[in-house]
Amino acid sequence: MPKHPIYMDNNSTTRCDPRVVEAMLPYFTEKFGNAASRSHAFGWEAEAAVEEAREQIAAVFNAGPKEIIFTSGATESNNLAIKGVAAMYKKKGNHIVTQATEHKAVLDTCKRLERDGFQVTYLPVDKYGQVHAEQVREAITDKTILVSIMAANNEIGTVMPIQAIGKLCKEKGVLFHTDAVQAVGKIPLDVEAMGIDLLSLTAHKVYGPKGVGALYVRKKDPRVRLEPQIDGGGHERGMRSGTLPVPMIVGLGTACDLARREMPEESARTFRLREKLRTGIMGKLPETYLNGHPTERLPGNANISFAYVEGEGLMMGIKDVAVSSGSACTSASLEPSYVLRALGVGDELAHSSIRFGIGRFNTETEVDAVVDLVTREVSRLREMSPLFELVQQGVDLKTIEWAAH
Amino acid sequence: MPYSDKVLEHYNNPRNVGSLDVKDAAVGTGLVGAPECGDVMKLQIKVNPATGVIEDARFKTFGCGSAIASSSLATEWLKGKTVDEALDIKNTQIVEELALPPVKVHCSVLAEDAIKAAIKNYQEKQEVVEAREPAAVG
């Protein structure tokens, strides 16, 4: 057994790569200048580091360095992209198209805009969690100013057909934003080939520090304009004021550079480990279901429902493994994951789901240990489950009149 | 969310997991909760008809650690109590014993419901038995 605990929740956050930390360190101490100071060497040094980071980030998705706007993270990037476009283009139209399984940073931003008079279409997803370009085509009206569809889902790992959607948006002359937080460094992205106008990313999902992110804002064909959401010194082409956190930006730049260079091998490796985990668990345990798309999914993500076992109860049994559950037993609402619900996964199986997120630092030994532990615990909890017992007795659970509480 | 030591202890070493014969007249079965809510408890008691004392109690639970611990604790408390005494078990006592946080209070409520449902089932069975007996004699 490897040393405890095992971190397998890389869709939530990732450990900072030591190479990233090493690159950041001098910018806390000797290279502490303000990147906006034009009058001395301290400022020039900081500015040079920031410009290098812009290039490293832009190179990940074939953008130009001047198209990168630094933010505090993807939540801010999503807010800036959507609210910034809404405010800037409101004379042109008041309609936004997004989809049901977006991150709350997109959904709640859209909900706020609805209260301010905007119309938002939340497209449903299919059973794999995908939205299709045809749905977007049907939703676009002459009032549509923005389409916001994520590149890959954080819970179920499903990759969206963003190239088809981006192409359609170009055709219709509508701006296209994608929340690419989960996709950056995991799957190939290209803002030109995919017709992306705005792209959100964050450092801490790609082995960088928490508290820094970026928004790609297209400069030409078309030149995207945004109403700033934070006023001040006019940094970042006036789109996002605030002194740049140079060490964090160096961290984001280095993390992106490593991700770009190492993605082919790394994604192949995490995919292989993910498949070992998935087939290991699902081969040993009957009545387990993979949530999300079977093939078009992030290489490291496996979201599995274990029938007759509640997710939070299972997490307690595998407490030495850090994972997430779609069960919301801890929340006051008792409602399970809205993402799994949108796929049409029944509430019972949503409560039984566990998200495994394999990343750069996971090992094969860890995967083997997790397969053993999960198999053992699910079997133990099924022996303790009244639902499992009823099914063993041949009872169809749907015929029982449950008292919802 | 951190769990109390008592919840962990019951979760890791649950007491009285299992099933009693539902057809036995001395056995009362309660099945409460719903799979779509993420909690289902089955709680059973076996009562000595002569003394009215609960001689055995078993449970099976689909739910989080706190739900498993609440039902495990309930079976422990039920054994040796009379049916009337068992009806006095309150969810607040379970909350206190297991140091459940507010978001987990519903687990204790479900355990109390399960106790009440098992007793009700037992009592209904007794009424049927009593109703049948004179007929059998006659």
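Everything numeric in this text was worked out from a predicted model, so none of it was measured. Per chain, numbering begins at 1; letters A, B, ... match sequence-line order.
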Can you establish whether the number of heavy atoms outside [X] located under 6.0 Å from its atom [atom1] is more than 12?
| X | atom1 | result |
| --- | --- | --- |
| B:K125 | NZ | yes |
| A:K111 | NZ | yes |
| A:D396 | CG | yes |
| A:Y128 | OH | no |
| A:K127 | NZ | no |
| B:E124 | CD | yes |

Please report the interatomic distance [atom1]([X]) to [atom2]([Y]), rounded to the nearest 0.5 Å.
| X | Y | atom1 | atom2 | answer |
| --- | --- | --- | --- | --- |
| B:I68 | A:E312 | CD1 | CD | 10.0 Å |
| B:C37 | A:H351 | SG | NE2 | 6.5 Å |
| A:L390 | B:K42 | CG | NZ | 7.0 Å |
| B:L31 | A:E389 | CG | CD | 9.5 Å |
| B:E36 | A:L397 | CD | CG | 10.5 Å |
| A:M384 | B:Y11 | CE | OH | 7.0 Å |

Could you tell me which portion of [X] (side chain, backbone, both or neither) has an atom closer than 4.5 angstrom to a non-hydrogen atom of chain A?
| X | answer |
| --- | --- |
| B:V7 | both |
| B:P102 | neither |
| B:L8 | both |

- prompt: Checking A:R380 against chain B: side chain, backbone, both or neither under 4.5 Å from a heavy atom?
  reply: side chain

field: Heavy-atom closest pair, residues A:S385 and B:F62
entry: OG-CB, 4.0 Å

